[in-house]
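I have placed the structure first, in the form of C-alpha cells, so that the comments after it can refer back to it.
Worth saying up front: this structure is predicted, and the values here are computed from it rather than measured. Throughout, a chain's letter reflects where its sequence line sits, starting with A, and its residues are numbered from 1.
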There are 2 protein chains.
Amino acid sequence: MATRTDAPTRREQILKEAARLFAERGFHGVGVDEIGAAVGISGPGLYRHFAGKDAMLAELLVGISEQLLTGGRRRAAETAGAPEATLDSLIEGHIDFALDDRPLITLHDRELDRLRDTDRKRVRQLQRQYVELWVAAVREVYPALAEAEARASVHAVFGLLNSTPHLPRPGTLPDRDATAHLLHRLSRGALAAAAGAGGPSPSGA
Amino acid sequence: MATRTDAPTRREQILKEAARLFAERGFHGVGVDEIGAAVGISGPGLYRHFAGKDAMLAELLVGISEQLLTGGRRRAAETAGAPEATLDSLIEGHIDFALDDRPLITLHDRELDRLRDTDRKRVRQLQRQYVELWVAAVREVYPALAEAEARASVHAVFGLLNSTPHLPRPGTLPDRDATAHLLHRLSRGALAAAAGAGGPSPSGA
DNA sequence: CAGGGCGGTTAGCGGTCGTTAACCTGAGGA
DNA sequence: TCCTCAGGTTAACGACCGCTAACCGCCCTG
C-alpha cells in the first residue's frame, strides 16, 4: 500500500478537488473558477499546472484506469494458481477503490465521452483489459459460464460495486468494514448465481 | 401494459430525444438547438412546448420516478402474500425498465442534482418510497437481514441492474430474454448471499 | 546582491448557450 | 371570408465560460 506521508502537491490537490466537483455536478457543470476556488487559488491560476480543463479530466480518467488495471494485475499475479483467491482479491481491490475514491469511481463511467479521441481510446483500452482480467478470473472459478455471460456478469458486478457513491447516508450502515464485507458477499453471490443455472428459464416466475 | 397505438405527441417526441441526448452527453453538454434538431424543429421552437430546458429534465425525472414507483406498487399488490413472487416481480419490472428505457435509467441517477429544489425533493421522495418497497420485499423473503443491510443491498442491486446501459455491445449477448434472465439470476444471487452470512468475516480472503 | 522563473494575480476576449421578441403561416370555426 | 391561434421561424440579447495576456512578488541560486 505504501501510505503517503509527504504533503500533497498542488497538482494533486487540484486533481482531487476537480474529481470531487466533476462527480458532483458533471464536467460541463463545473467552471474553472470553482475548481480554483476549491484549492484556494482563483480561475486562470490553474493553467500554471494544467493545459486546460480537458487535461484535468483526461489525467483523472487515465489515472483511474491505469491504477485499476495495475492493481488488478498485481493481485492476479500474487494469487496465481488459486482462482478463488484471485477473484476474492480482485473484488477486494475494487471495493477498496470504490469506498476510498468515490468521486473517481463516479467519473470513471460517466464522463468518458468528454475526452479527446486519443485519450478516450486509451482509457477504453485500459478498461477493456481490466474487464478481461476479471472475466478470466471468473471463468476459472466457474468454467461452465460462457464468455459472453461472464462478461455481462462482470459489468453487472461493477455496477453493483460502483453503487457505493449513492448509498443511503454514509454512516447509516455500521462502518467501512461491514460495507466492504457486504459488497463482497453480494458480488460473490451474484457471480455464483450467474454460473448456477445457465439454461433458459431461471427458477421461479 | 396497454401498448400505445396512436402516434406520439410532439411533446413526447421531444422528451424522448432529450432523454437520449441528456444520457449521452449530460444535461449541460446538450444545447437546446440539438434537441430541437433531433425532432426536426430548431432551437427556440421548443419553448412552445416547454418552459425551458430545466422543465424537460424535470418532467423526465419525475416521470421516471413515478412510473417506477407505480409499477412497483402494482406488482407488490398483485403478488401480496407471496414474498418470493413479489421480489421476483419487482426485479422483473426493474429489468424491463432498464432494458427498454436505457436513457431514462441513466438519467435517473445521474442528473438529479440539476433540478430545482422543489422538483429534486419530489423525485427523491419517490425514489425513497420505491427503495422502501424493495426493502420490505427483500426483508420478507430474508427476515434475518437487518434493515440497514437490506437497504444497502437494494441500492447495490439497483446498481447492478442499471449497469445495462454500458454493457459490452448490445448484441454480443444472445438476446433480450437471455440478458433479462441473467440479470434476474444475478440479483437473486446477490440478495441471497447478503442474507446468507450476516456475521463478520465472509468466507475466504 | 542580482536575477530568473515559479506560481500567482486581474482584465478582457471570443464563443456559446438559454431565453425572449417579433414575425409568419396554415388550418379550423363562426 | 375572416379571425384566431397553435406551432413554427430568425434575430438578437445578456450571461457565462474557457482561455490568454500582461503583470507581479517571492524564493532560490550563482
Side-chain angles (χ1 to χ4, degrees), chain A residues 6-62 103 107 110-120, chain B residues 6-62 103 107 110-120:
Chain A
D6 50 340
T9 244
R10 176 66 12 132
R11 269 183 73 90
E12 291 169 335
Q13 286 181 45
I14 295 173
L15 284 175
K16 184 183 164 196
E17 294 303 312
R20 185 178 56 81
L21 289 167
F22 288 161
E24 279 174 13
R25 300 212 284 281
F27 180 66
H28 291 296
V30 181
V32 290
D33 289 356
E34 300 177 72
I35 303 175
V39 297
I41 72 183
S42 235
L46 296 171
Y47 289 77
R48 300 290 166 196
H49 304 276
F50 294 93
K53 201 180 151 192
D54 298 353
M56 298 180 210
L57 183 65
E59 189 156 328
L60 282 171
L61 291 184
V62 171
L107 286 185
R110 189 168 296 195
E111 305 286 357
L112 181 60
D113 297 325
R114 259 56 90 195
L115 256 48
R116 294 199 336 264
D117 265 31
T118 158
D119 292 322
R120 189 171 57 248
Chain B
D6 50 339
T9 263
R10 181 48 35 118
R11 268 183 73 89
E12 292 168 334
Q13 286 181 44
I14 295 172
L15 283 175
K16 184 183 163 195
E17 294 303 312
R20 185 179 56 80
L21 289 167
F22 289 161
E24 278 174 11
R25 300 213 284 281
F27 179 68
H28 291 296
V30 181
V32 289
D33 290 356
E34 301 178 71
I35 303 175
V39 296
I41 71 182
S42 234
L46 296 171
Y47 287 77
R48 299 290 165 196
H49 304 275
F50 294 93
K53 201 180 150 192
D54 299 354
M56 300 181 208
L57 183 64
E59 189 157 328
L60 283 170
L61 291 184
V62 172
L107 285 184
R110 188 168 297 195
E111 306 285 357
L112 181 60
D113 296 325
R114 259 56 91 196
L115 255 48
R116 293 198 338 263
D117 264 32
T118 158
D119 292 322
R120 189 172 56 247

Separation of atom [atom1] in [X] from atom [atom2] in [N], rounded to whole Å:
X     : N      : atom1 : atom2 : answer
B:R11 : D:dA6  : CZ    : P     : 14 Å
B:I35 : C:dG18 : CD1   : C1'   : 11 Å
B:R48 : D:dT10 : CZ    : P     : 13 Å
B:Q13 : D:dG7  : CD    : P     : 12 Å
B:H28 : D:dC16 : NE2   : P     : 14 Å
B:F22 : C:dG18 : CZ    : C1'   : 12 Å
B:Y47 : D:dT9  : OH    : C1'   : 16 Å
B:I14 : D:dG7  : CD1   : P     : 10 Å

Next item on the list: Without swapping roles, check the side chain of A:R110 against the backbone of A:G26 for a donor-acceptor pair under 3.5 Å.
Entry: no

Check: Quick check: does any side chain N or O of B:E17 sit under 3.5 Å from a backbone N or O of B:V39, one acting as donor and the other as acceptor?
Finding: no

Taking any heavy-atom pair under 4.0 Å as a contact, classify [X]: base, sugar-phosphate, or nothing.
X     : result
B:G52 : sugar-phosphate
B:V30 : sugar-phosphate
B:G45 : base

Checklist line | Student check: side-chain heavy atoms of B:R48 and B:I41 closer than 4.5 Å | finding: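 A side-chain contact is absent here, since even the closest heavy-atom pair is not under 4.5 Å.
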
Item checked: A:L46 side chain near A:I14 side chain, heavy-atom distance below 4.5 Å -> yes

Any idea which of [options] is nearest the [X] side chain?
X     : options                : answer
B:R10 : D:dT10, D:dG8, D:dA21  : D:dG8
B:K53 : C:dG8, D:dT9, C:dT19   : C:dT19
A:I41 : D:dG7, C:dG8, D:dT20   : C:dG8
B:P44 : D:dA11, D:dT20, C:dC23 : D:dA11

Check: Counting only side-chain N and O atoms of A:H49, is one of them less than 4.0 Å from OP1 or OP2 of C:dG8?
Finding: yes

Item checked: Candidates A:D113, A:D54, A:L107 - the one meeting side chain to side chain contact (heavy atoms under 4.5 Å, CB included) with A:F27 -> A:D54

